[in-house]
S.K.: 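Below: one structure in structure tokens.
Since this is a predicted model, take the numbers as computed values, not measurements.
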Amino acid sequence: MRYDERPVDDTPVSTADLPETPIRDRNIPATAWREAPDVLLHAGDDLPGTPVGEYKRRIGPWLLWRAGPATGADARYLAIRADDLSVTREFRLFPDGTGDDGEGRTKFRAWKQSLLGRK
């Protein structure tokens with residue numbers, strides 16, 4: 001099922017409940033995560049339509065969330081350390097497919113690799 005066709009599951013979840021792998025049957029909004037930091041709850045505030053962040057998966061020690069569509073529009077990915085929710089990394093995705101992490105990375109793949117300490 002396409003990500004934008006999955007039903008929203010507002011059932012409250014804790015950090016331990018967030019799955020390791022991508023969820024294919026539903027979307028978990030940031031508002032359902034009990035420990036959601038404020039930065040995540042407002043990740044889409046400056047984007048068209050003010051989208052709510054949705055959980056995507058774990059990448060090593062990081063929890064990956066996205067506010068906005070996967071392609072063709074403005075979006076923001078936010079990675080949050082599962083063991084320290086005050087540590088975050090952001091990747092801004094633009095409609096043309098380019099991006100910016102504020103540290104010189106313009107490709108989403110390179111940003112994800114940097115979360116794992118890879119170049």
Side-chain angles (χ1 to χ4, degrees):
M1 183 180 304
R2 283 175 38 112
Y3 76 90
D4 56 343
E5 295 174 348
R6 297 174 193 150
V8 173
D9 182 354
D10 286 318
T11 305
V13 295
S14 66
T15 302
D17 298 326
L18 295 171
E20 298 280 330
T21 58
I23 304 168
R24 304 284 186 214
D25 63 339
R26 69 193 189 287
N27 286 319
I28 299 173
T31 52
W33 184 26
R34 290 183 184 105
E35 297 92 359
D38 199 50
V39 66
L40 174 61
L41 296 174
H42 296 283
D45 285 1
D46 64 337
L47 300 175
T50 58
V52 173
E54 294 177 335
Y55 181 71
K56 297 302 160 192
R57 65 172 300 160
R58 290 180 187 246
I59 298 177
W62 300 92
L63 305 170
L64 184 64
W65 299 79
R66 185 184 69 234
T71 61
D74 290 302
R76 175 173 289 110
Y77 283 88
L78 193 65
I80 303 170
R81 286 284 304 215
D83 59 351
D84 184 348
L85 304 181
S86 69
V87 179
T88 63
R89 299 273 164 74
E90 178 183 316
F91 186 82
R92 183 73 162 74
L93 185 64
F94 302 106
D96 67 359
T98 62
D100 182 12
D101 74 346
E103 296 179 7
R105 291 177 201 87
T106 59
K107 300 289 184 188
F108 182 62
R109 182 176 178 83
W111 178 72
K112 289 192 306 182
Q113 290 174 332
S114 76
L115 296 175
L116 297 171
R118 301 178 189 152
K119 292 187 179 201

S.K.: For Ala43, does its backbone N or O pair with a side-chain atom of Arg76 as donor and acceptor, under 3.5 Å?
M.R.: yes
S.K.: Give a yes or no on whether Arg109 atom CZ has more than 12 heavy-atom contacts from other residues, nucleotides or ligands under 6.0 Å away.
M.R.: no
S.K.: Output the distance between atom CG (Leu40) and atom CD (Glu54), rounded to the nearest 0.5 Å.
M.R.: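 With rounding to 0.5 Å, CG (Leu40) is 11.0 Å from CD (Glu54).
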S.K.: I need the minimum non-hydrogen distance between Arg105 and Ala110, along with the two atoms involved.
M.R.: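 Closest heavy-atom pair between Arg105 and Ala110: CD-O, 3.6 Å.
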S.K.: First locate atom CG of Asp96, then atom OG1 of Thr71, and finally report the distance between them rounded to the nearest 0.5 Å.
M.R.: 12.0 Å
S.K.: Mind checking the CZ-CZ spacing from Arg26 to Arg6? Nearest 0.5 Å is all I need.
M.R.: 10.5 Å
S.K.: To the closest 0.5 Å, what do you measure between OG1 (Thr15) and CD1 (Ile80)?
M.R.: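 Between atom OG1 of Thr15 and atom CD1 of Ile80 there are 9.0 Å.
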S.K.: Of all heavy-atom pairs between Asp9 and Ala32, which one has the smallest distance, and what is that distance?
M.R.: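 Closest heavy-atom pair between Asp9 and Ala32: O-CB, 4.0 Å.
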S.K.: So do Tyr55 and Trp33 actually touch side chain to side chain, heavy atoms under 4.5 Å?
M.R.: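 With C-beta onward as the side chain, the pair stays apart.
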S.K.: Decide whether Val39 and Trp62 are clustered together by the hydrophobic rule: side chain heavy atoms of Ile, Leu, Val, Met, Phe, Trp, Tyr closer than 4.5 Å, transitively.
M.R.: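 As far as the 4.5 Å side-chain criterion goes, Trp62 and Val39 are not connected within one cluster.
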S.K.: Using the rule that Ile, Leu, Val, Met, Phe, Trp and Tyr join whenever any side-chain heavy atoms are under 4.5 Å apart, tell me whether Val52 and Ile28 fall into a single cluster.
M.R.: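 Per the 4.5 Å side-chain linkage, Val52 and Ile28 are not co-clustered.
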S.K.: Looking only at heavy atoms, which two atoms of Pro37 and Leu85 are closest? And how far apart?
M.R.: CG-O, 3.9 Å
S.K.: Is there side-chain contact between Arg58 and Pro19, with at least one heavy-atom pair below 4.5 Å?
M.R.: no
S.K.: Do Trp111 and Leu116 share a hydrophobic cluster, counting only Ile, Leu, Val, Met, Phe, Trp and Tyr and linking them when any side-chain heavy atoms are less than 4.5 Å apart?
M.R.: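 Yes, it is one cluster - the side chains of Trp111 and Leu116 are joined through contacts under 4.5 Å.
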S.K.: Would you check, one step at a time, whether the test side chain to side chain contact (heavy atoms under 4.5 Å, CB included) holds for Trp65 with Leu18?
M.R.: CA-CA 11 Å; Trp65 299 79; Leu18 295 171; 3.9 Å; yes
S.K.: Distance from Met1 atom CE to Asp4 atom CG, nearest 0.5 Å?
M.R.: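 Interatomic distance, Met1 CE to Asp4 CG, rounded to 0.5 Å: 10.5 Å.
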S.K.: Where do Arg34 and Asp17 come nearest, in terms of heavy atoms and distance?
M.R.: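 Taking every non-hydrogen atom into account, NH1-OD2, 4.1 Å.
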S.K.: Do Val13 and Leu63 belong together in a cluster built from hydrophobic side chains that touch within less than 4.5 Å?
M.R.: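 Yes; Leu63 is reachable from Val13 via cluster members.
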S.K.: Can you find a heavy atom in the side chain of Glu90 that is under 4.5 Å from one in the side chain of Tyr77?
M.R.: no
S.K.: Given side chains that start at C-beta, do those of Asn27 and Lys56 come closer than 4.5 Å, heavy atoms only?
M.R.: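 The answer is yes; the side chains approach within 4.5 Å.
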S.K.: Do Phe91 and Ile59 belong to the same hydrophobic cluster, where Ile, Leu, Val, Met, Phe, Trp and Tyr are linked whenever their side-chain heavy atoms lie under 4.5 Å apart, directly or via other members?
M.R.: yes
S.K.: Would you give the length of the straight line joining atom CG of Leu93 to atom OG1 of Thr98, rounded to the nearest 0.5 angstrom?
M.R.: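 Nearest 0.5 Å value for the CG-OG1 distance: 7.5 Å.
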S.K.: At their closest point, which heavy atom of Phe108 faces which heavy atom of Leu64, and how far apart are they?
M.R.: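 What the structure gives for the nearest pair is CZ-CD2, 4.3 Å.
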S.K.: Under a 3.5 Å distance rule, please check whether Arg92 uses its side chain to pair with a backbone N or O of Phe94 as donor and acceptor.
M.R.: no
S.K.: Tell me the closest heavy-atom pair linking Pro61 and Arg81, and the distance in Å.
M.R.: CG-NH1, 3.5 Å
